[in-house]
Structure formats: structure tokens, C-alpha cells
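Remarks on the structure that follows.
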Amino acid sequence: QVQLVESGGGMVQAGGSLRLSCTASGRSLNAYAMGWFRQASGRDRELVAAISVSGRTLNYTNSVKGRFTISRDFVKNTVYLQMNSLEPADTAVYYCAARRAGYSGSYYIDHRQYNYWGQGTQVTVSS
């Protein structure tokens with residue numbers, strides 16, 4: 001069982017930045033493809049960014065390209081989502097997700113492909 005814990009959410013003004021972190025206690029994430037998803041009130045959960053097991057392949061939803069960066073630190077066993085130039089439309093609960101994968105280049109963009117989820121962290125961007 002993988003227990004993911006997100007942190008770093010909060011309230012920020014438009015144009016500001018936040019960095020979300022996702023870590024797992026007692027379990028290495030080195031063999032897991034990771035993703036960040038978000039769910040705004042009344043909307044479906046959507047992919048924000050995904051990163052492969054190796055960390056070399058990244059995928060972003062179009063609306064965050066050039067503003068958000070996903071990365072992973074194997075030593076710290078942590079996955080990050082750096083969010084810059086935040087917009088009110090980015091307001092949502094952000095979730096970290098993990099799926100064990102046997103291939104270093106594996107990454108996943110569909111939330112149904114992930115096995116483990118964090119509890120979510122709220123990000124609120126005011127105009």
C-alpha cells in the first residue's frame with residue numbers, strides 16, 4: 001500500500017506561485033509513474049501533469065504548459081509541481097497519484113490508470 005501525502009497548497013493572488021509536494025511514507029516511489037490531477041468544484045478530475053518512472057518524460061495539459069513544472073527527487077522520495085503565473089482558473093483541489101510501472105519510460109494521463117491517491121490539497125487563486 002502506498003500512502004501519498006500532498007502539501008504546499010494555499011491561497012495566492014493571480015500571477016503568484018506555489019510549489020506542491022507529494023511524498024510517500026515508508027515506501028519508495030522510484031518504481032512509480034506519478035501524476036498531478038486537479039478537480040474544481042462541479043467539474044471532473046483532470047490531469048495537470050504526469051512524469052515517467054525515470055523522470056525524463058513529462059506530460060502537461062495544455063492550459064498549464066509554460067507555467068507549471070513537474071519534477072521528482074529520488075533521494076527525497078518526493079514529486080513536485082511548481083506552479084507559476086497562477087490564474088483564478090487554476091483554483092481546485094490538487095491530487096497526487098501513483099502507479100507502479102515496470103518500464104522506466106511509462107507515464108499515464110488517465111486518472112483511471114492510477115492506483116494510489118493522496119488526500120488532496122486546496123489551491124485558491126484570487127483575481
Side-chain angles (χ1 to χ4, degrees):
Q1 190 75 3
V2 177
Q3 292 184 321
L4 302 173
V5 179
E6 302 102 334
S7 61
M11 184 176 294
V12 65
Q13 289 188 328
S17 299
L18 288 172
R19 188 177 78 160
L20 305 184
S21 300
C22 172
T23 191
S25 58
R27 176 70 65 94
S28 170
L29 294 176
N30 290 0
Y32 289 79
M34 304 295 296
W36 284 99
F37 290 77
R38 65 186 180 188
Q39 188 165 17
S41 180
R43 302 190 66 174
D44 293 335
R45 189 169 298 192
E46 65 169 351
L47 173 76
V48 177
I51 188 167
S52 64
V53 174
S54 68
R56 289 192 287 269
T57 303
L58 312 176
N59 183 278
Y60 298 94
T61 193
N62 286 337
S63 63
V64 309
K65 286 180 180 177
R67 301 189 297 122
F68 291 11
T69 303
I70 188 171
S71 62
R72 64 191 306 166
D73 186 322
F74 294 101
V75 174
K76 294 183 178 179
N77 201 38
T78 301
V79 177
Y80 301 100
L81 183 68
Q82 178 66 45
M83 305 186 293
N84 298 329
S85 301
L86 282 161
E87 304 168 354
D90 296 316
T91 295
V93 178
Y94 284 69
Y95 297 91
C96 175
R99 171 175 169 154
R100 189 175 180 89
Y103 171 55
S104 64
S106 295
Y107 69 97
Y108 306 95
I109 61 174
D110 188 330
H111 65 89
R112 293 168 294 183
Q113 296 174 297
Y114 287 86
N115 306 112
Y116 304 103
W117 293 85
Q119 81 288 351
T121 185
Q122 177 71 45
V123 172
T124 302
V125 185
S126 60
S127 57

Check: Does any N or O in the side chain of Thr78 come within less than 3.5 Å of the main-chain N or O of Lys76, such that one atom is a donor and the other an acceptor?
Finding: yes
Next item on the list: Anything under 30° is parallel, anything over 60° is perpendicular, the rest tilted; go ahead and classify Tyr94 against Phe68.
Entry: tilted
Next item on the list: Return yes if some donor-acceptor pair links the side-chain N/O of Asn77 with the main-chain N/O of Arg27 below 3.5 Å, else return no.
Entry: yes
Checklist line | same_hphob_cluster(Val2, Ile51) at 4.5 Å side-chain heavy-atom cutoff | finding: yes
Checklist line | Donor-acceptor contact present, side-chain Thr124 to main-chain Met11, <3.5 Å | finding: no
Note to self: Does either side chain, that of Glu87 or that of Ser85, offer a donor lying less than 3.5 Å from an acceptor on the other one?
What the structure shows: no
Check: For Asp110, does the CG atom sit with more than 12 other heavy atoms under 6.0 Å from it, leaving out its own atoms?
Finding: yes
Notebook entry, point to check: Is any side-chain heavy atom of Met83 closer than 4.5 Å to a side-chain heavy atom of Val123?
Noted result: yes
Check: For Gln3, does the CD atom have more than 12 heavy-atom neighbours from other residues, nucleotides or ligands under 6.0 Å away?
Finding: no
Notebook entry, point to check: Are Tyr114 and Val53 connected in the hydrophobic side-chain network, where two residues link if heavy atoms are under 4.5 Å apart?
Noted result: no
Next item on the list: May I ask you to establish whether Arg45 and Tyr95 are in a cation-pi arrangement, using a distance under 6.0 Å from NZ or CZ to the six-membered ring centre and at most 45° from the ring axis?
Entry: yes
Note to self: Distance check, rounded to the nearest 0.5 Å: Lys65 atom NZ versus Asn59 atom CG?
What the structure shows: 7.0 Å
Margin query: Just verifying a value: how many Å separate Gln119 CD and Leu4 CG, rounded to the nearest 0.5 Å?
Written below: 9.0 Å
Margin query: What I'd like to find out is whether the side chain of Arg72 reaches to under 4.5 Å of the side chain of Phe74, using heavy atoms alone.
Written below: yes
Item checked: Minimum-distance pair of heavy atoms, taken over all atoms of Pro88 and Ser127 -> CG-CB, 3.9 Å
Next item on the list: Could you check Ser21 against Ser7 for side chain to side chain contact (heavy atoms under 4.5 Å, CB included), going step by step and ending with a plain yes or no?
Entry: CA-CA 5 Å; Ser21 300; Ser7 61; 3.7 Å; yes
Check: If you look at every heavy atom in Asp73 and Val75, which pair is closest and at what distance?
Finding: OD1-N, 3.0 Å
Check: Arg38 versus Val93: any side-chain heavy-atom pair under 4.5 Å?
Finding: no
Notebook entry, point to check: Does one hydrophobic cluster hold both Met34 and Leu47, with members joined at side-chain heavy-atom distances below 4.5 Å?
Noted result: no
Next item on the list: State, to 0.1 Å, how close Ala40 and Ala92 come at their nearest heavy-atom pair, and which atoms those are.
Entry: N-CB, 3.8 Å
Margin query: Distance alone, cut at 3.5 Å: any donor-acceptor contact between the side chains of Tyr60 and Arg67?
Written below: no
Item checked: Donor-acceptor contact present, side-chain Thr121 to main-chain Gly9, <3.5 Å -> yes
Notebook entry, point to check: Under 4.5 Å between any side-chain heavy atoms of Leu81 and Val48, yes or no?
Noted result: yes
Notebook entry, point to check: Can you tell if the side chain of Val79 reaches within under 4.5 Å of the side chain of Ile70, non-hydrogen atoms only?
Noted result: yes
Next item on the list: Would you check if Cys22 and Trp36 make a side-chain contact, meaning some heavy-atom pair closer than 4.5 Å?
Entry: yes
Margin query: Return the CZ to CZ distance between Arg112 and Arg99, rounded to the nearest 0.5 Å.
Written below: 12.5 Å
Notebook entry, point to check: Can you get from Trp117 to Leu29 by hopping between Ile, Leu, Val, Met, Phe, Trp and Tyr side chains that sit under 4.5 Å apart?
Noted result: no
Notebook entry, point to check: Same cluster for Tyr32 and Tyr108 if Ile/Leu/Val/Met/Phe/Trp/Tyr side chains link at under 4.5 Å?
Noted result: no
Notebook entry, point to check: So do Leu86 and Leu18 actually touch side chain to side chain, heavy atoms under 4.5 Å?
Noted result: yes
Item checked: Side-chain donor-acceptor contact under 3.5 Å, Ser17 with Asn84 -> yes
Check: So do Leu20 and Glu6 actually touch side chain to side chain, heavy atoms under 4.5 Å?
Finding: no
